[in-house]
Amino acid sequence: MENDDGSSAQRSQFIRPTASIPLPQLKAELPYASRSERWKRVNLSHALYETWDRVQVLGDEDSGHTGCVNALSWVQGGDVLLSGGDDRTVRFWRMDPTDSSQDYPFICTAVIKTGHRGNIFNNQMLPFSSRIATVSGDSQVRVFDITNATGHATSRGPETEYNTHEACICVLRCHRGATKRIVTEESPDTFLTVSEDGTVRQHDLRHPHVCGSDSCPPPLIKVPHDLYSIGVSPLTPYQFVVAGESPYGYLFDRRQVGRSLQEEAGVPDDGEDLARCVRRFARKPTREQRKRRREYISGVRMAQNNGHEVLMTYGGDAVYLFSTLDNPGTNDAWVGKRTGRSVLSPNPKRTRLNEVRRETTDTSDDWDLDSDVEMPEDPLQQIDSPQPAQEEAVAESNGEDEEGDDDDDDDDDDEEELDVHGDVPIIYPQRRFAGHCNVETIKDVNFLGPDDDFVVSGSDDGNFFVWTKSMGKLHGIYEGDGSVVNVVEAHPQLPLVAVSGIDTTVKLFAPVHGESRWSRFQNAEAIVQHNMDASHSSRSHLRVNLGQLLLHYNLALREEGGGAEEAGEPTCTFQ
């Protein structure tokens with residue numbers, strides 16, 4: 001349909017080109033990899049540029065999870081998919097070599113009843129071992145090993161069921177809030193966890209301790225607000241990024257550990273972190289976003305291919321791409337200028353650092369809303385190409401300055417109270433990926449492809465969105481859940497993507513030839529507009545807090561009723 005207002009030209013932006021698809025170019029030729037390995041990477045990258053379709057559904061009414069699936073992770077080189085959710089079980093999905101009727105015949109071969117009293121938010125297998133770590137809304141971290149456990153077969157097929165006493169080898173109660181994510185390290189004994197108590201902890205299974213009475217090792221970091229996510233790249237394992245109930249993401253460096261005279265004298269020093277914050281990440285908020293009392297970042301990922309790119313997804317907003325190599329404080333057309341220098345700086349003494357934090361005022365937080373162009377709303381527009389429609393939006397926001405001055409001053413005070421690293425320089429985003437809606441749940445974000453060619457995120461409308469990282473263009477929209485998609489994880493070797501959310505099943509997507517039954521790209525314009533309207537009209541911070549209250553209420557009922565089994569079926573709550 002063509003209209004006089006040029007809407008046909010706008011709609012053409014949503015049509016994927018078929019003749020000249022921009023195939024990825026391998027920046028590094030992998031000189032130490034074999035020719036076959038390089039060829040596999042090229043083929044995998046090319047395959048991901050094709051149209052995807054749903055190729056398998058894991059679980060049904062008779063088998064599989066009985067609650068929302070919040071956790072997905074590919075382990076053992078992609079041979080096994082681990083899933084966990086609100087039913088507080090972890091399931092092992094493997095390919096059935098005897099089934100030749102399907103391309104991806106995954107079946108559940110084992111299930112662990114974890115004994116958690118809250119919803120499982122993440123599960124990971126520790127490298128070079130058969131250990132599996134899980135984290136939950138009950139604040140506990142549990143480690144399982146079924147190698148020597150004696151399970152029993154179930155009547156639902158080839159599943160082997162393990163109870164808590166048979167498989168659990170360790171329970172850690174160091175956190176004081178819902179524990180959300182796990183990050184593994186190059187060790188079968190150490191891993192990191194992040195929690196809503198505002199801490200990141202490193203756990204070492206070689207040094208057991210009794211949790212409680214201040215006997216737990218000190219956390220790596222502690223901030224005065226909830227944390228939802230953590231990101232680490234294997235190329236820079238000494239750095240990690242955390243984010244949560246704050247408009248900032250924080251980059252910490254474990255190489256910068258100062259000297260504490262108090263700790264050396266035997267006096268606990270609770271005011272200092274074991275890792276130092278070296279950079280903050282933030283996008284330029286619009287006037288509407290600044291009027292919100294609480295802003296939050298629900299998901300963080302660091303690139304596996306280069307070690308410096310960072311993805312962050314904001315609640316009620318879009319996904320943003322940052323780089324740790326960009327100059328802090330630059331805001332030229334929203335693109336940071338890369339220097340290639342490391343963020344490692346001289347390590348000041350802790351006492352001096354505390355004085356600087358008290359005395360320094362960060363002028364970079366004083367946003368000048370009247371002089372800069374707002375972030376583009378069109379998900380297919382590149383971030384450095386402002387359009388006339390954006391200029392009109394800026395003009396409208398300028399007309400509202402007088403009304404919003406008082407509210408903005410209050411918001412500045414709230415942010416200063418929550419931000420304990422106000423003296424740390426800020427890095428601004430390189431690119432923005434929009435079109436989805438991130439309001440109802442705490443969603444993750446991810447890179448896709450052997451060279452991190454794509455950016456993917458779930459959405460409140462039951463779809464998951466795929467963008468090309470280099471151009472910021474919307475590449476695909478696929479229906480992955482009946483309600484909300486929260487997690488998208490790519491297979492490490494195959495062009496295969498696992499998707500989960502509020503449904504009790506896990507969907508697998510792969511490239512196909514011909515039409516895709518589950519692609520919603522033909523309705524991209526209407527879907528994106530609907531999600532933009534939902535994001536603008538939401539009160540995202542209120543919904544997240546209500547979700548947390550509901551979770552704690554359910555946990556209290558279960559404890560009062562004598563355990564999870566007596567409390568009945570679990571209720572899907574906000575992740």
Side-chain angles (χ1 to χ4, degrees), residues 181 183 194 198 200 221 223 225-233 236 238-254 256 273 275-286 289-290 294-303 306-339 341-345 362-367 372 375 383-384 415-416 418-434 438 442-447 452 455 457 469 472:
R181 294 291 182 266
V183 171
V194 64
V200 172
I221 68 165
V223 295
H225 57 76
D226 294 356
L227 291 178
Y228 297 146
S229 187
I230 181 173
V232 177
S233 173
T236 54
Y238 44 83
Q239 296 176 345
F240 60 89
V241 180
V242 297
E245 281 281 340
S246 170
Y248 301 101
Y250 300 93
L251 174 67
F252 287 87
D253 197 320
R254 285 193 275 180
Q256 300 198 42
D273 300 325
R276 183 185 171 201
C277 182
V278 293
R279 291 290 185 270
R280 289 182 295 167
F281 303 100
R283 87 262 194 266
K284 187 73 169 290
T286 62
Q289 293 161 353
R290 284 185 59 80
R294 300 293 293 274
E295 298 181 67
Y296 70 96
I297 301 169
S298 65
V300 169
R301 289 284 179 141
M302 291 192 72
N306 55 46
H308 66 84
E309 289 181 327
V310 179
L311 283 177
M312 297 198 309
T313 176
Y314 280 78
D317 193 9
V319 177
Y320 293 83
L321 177 68
F322 302 83
S323 173
T324 61
L325 300 182
D326 283 347
N327 268 337
T330 58
N331 194 20
D332 299 332
W334 281 87
V335 179
K337 294 187 177 179
R338 184 167 303 169
T339 62
R341 297 180 304 200
S342 171
V343 297
L344 184 63
S345 58
D362 186 10
T363 57
S364 60
D365 286 343
D366 298 332
W367 307 109
D372 294 306
M375 295 295 293
I383 201 168
D384 54 355
E415 290 180 6
E416 289 178 1
L418 289 176
D419 189 16
V420 294
H421 301 288
D423 59 310
V424 177
I426 295 178
I427 292 179
Y428 294 107
Q430 293 184 344
R431 190 157 289 112
R432 181 177 189 260
F433 309 91
N438 181 12
I442 303 298
K443 293 177 185 60
D444 210 347
V445 66
N446 210 342
F447 291 97
D452 300 328
V455 173
S457 175
K469 185 186 71 174

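All values below come from the heavy atoms of this structure, side chains included, with hydrogens, waters and symmetry mates left out.
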Test item: Glu309 and Leu321 side chains (from C-beta on) under 4.5 Å apart, heavy atoms
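Yes, at least one pair of side-chain atoms sits under 4.5 Å.
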
With heavy-atom distances below 4.5 Å as the criterion, would you say the side chains of Arg276 and Asp253 are in contact?
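Arg276 vs Asp253: side chains apart.
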
Nearest atoms (heavy-atom pairs only) where [X] meets [Y]:
X      : Y      : result
Gly249 : Ile297 : N-CD1, 3.8 Å
Gly231 : Val300 : N-CG1, 4.0 Å
His421 : Cys277 : ND1-CB, 3.6 Å
Leu311 : Asn446 : CD1-O, 3.6 Å
Pro425 : Val278 : CD-O, 4.1 Å

Which word best sums up how the rings of Tyr320 and Tyr314 line up, parallel for under 30°, tilted for 30 to 60°, or perpendicular for over 60°?
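Tyr320 vs Tyr314 ring planes: perpendicular.
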
Euclidean distance, [Y] [atom2] relative to [X] [atom1], rounded to 0.5 Å:
X      : Y      : atom1 : atom2 : value
Gln430 : Leu325 : CD    : CG    : 9.0 Å
Arg279 : Phe322 : CZ    : CZ    : 14.0 Å
Arg432 : Lys284 : CZ    : NZ    : 13.5 Å
Glu295 : Arg283 : CD    : CZ    : 4.5 Å
Phe240 : Arg254 : CZ    : CZ    : 6.5 Å
Asp423 : Arg280 : CG    : CZ    : 7.5 Å

Apply side chain to side chain contact (heavy atoms under 4.5 Å, CB included) to Tyr296 and Asp226, showing your working.
CA-CA 9 Å; Tyr296 70 96; Asp226 294 356; over 6 Å; no

List the steps, then state whether side chain to side chain contact (heavy atoms under 4.5 Å, CB included) holds for Thr324 with Val310.
CA-CA 8 Å; Thr324 61; Val310 179; 4.1 Å; yes

Salt-bridged, Arg301 to Asp444, with N to O below 4.0 Å?
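Yes, this pair counts.
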
Donor-acceptor contact present, side-chain [X] to main-chain [Y], <3.5 Å:
X      : Y      : value
Thr313 : Gly299 : no
Ser233 : Met302 : no
Lys469 : Asp452 : yes

Give a yes-or-no answer on whether the side chains of Ser323 and His308 include a donor-acceptor pair shorter than 3.5 Å.
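Per modelled atom types, Ser323 and His308 side chains form a pair under 3.5 Å.
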
Could you point out which residue of Ile230, Val200, Val194 forms a side chain to side chain contact (heavy atoms under 4.5 Å, CB included) with Val183?
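With Val183 as partner, Ile230, Val200, Val194 yield a single side chain to side chain contact (heavy atoms under 4.5 Å, CB included), made by Ile230.
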
Step by step, work out the side chain to side chain contact (heavy atoms under 4.5 Å, CB included) result for Tyr248 and His225.
CA-CA 11 Å; Tyr248 301 101; His225 57 76; over 6 Å; no

Check the pair Glu245, Tyr228 against side chain to side chain contact (heavy atoms under 4.5 Å, CB included), reporting the backbone distance first and the verdict last.
CA-CA 8 Å; Glu245 281 281 340; Tyr228 297 146; 2.7 Å; yes

Starting from the C-alpha separation in whole Å, work towards a yes-or-no answer on side-chain hydrogen bond (donor to acceptor under 3.5 Å, both in side chains) for Asn438 and Ser298.
CA-CA 9 Å; Asn438 181 12; Ser298 65; 2.9 Å; yes

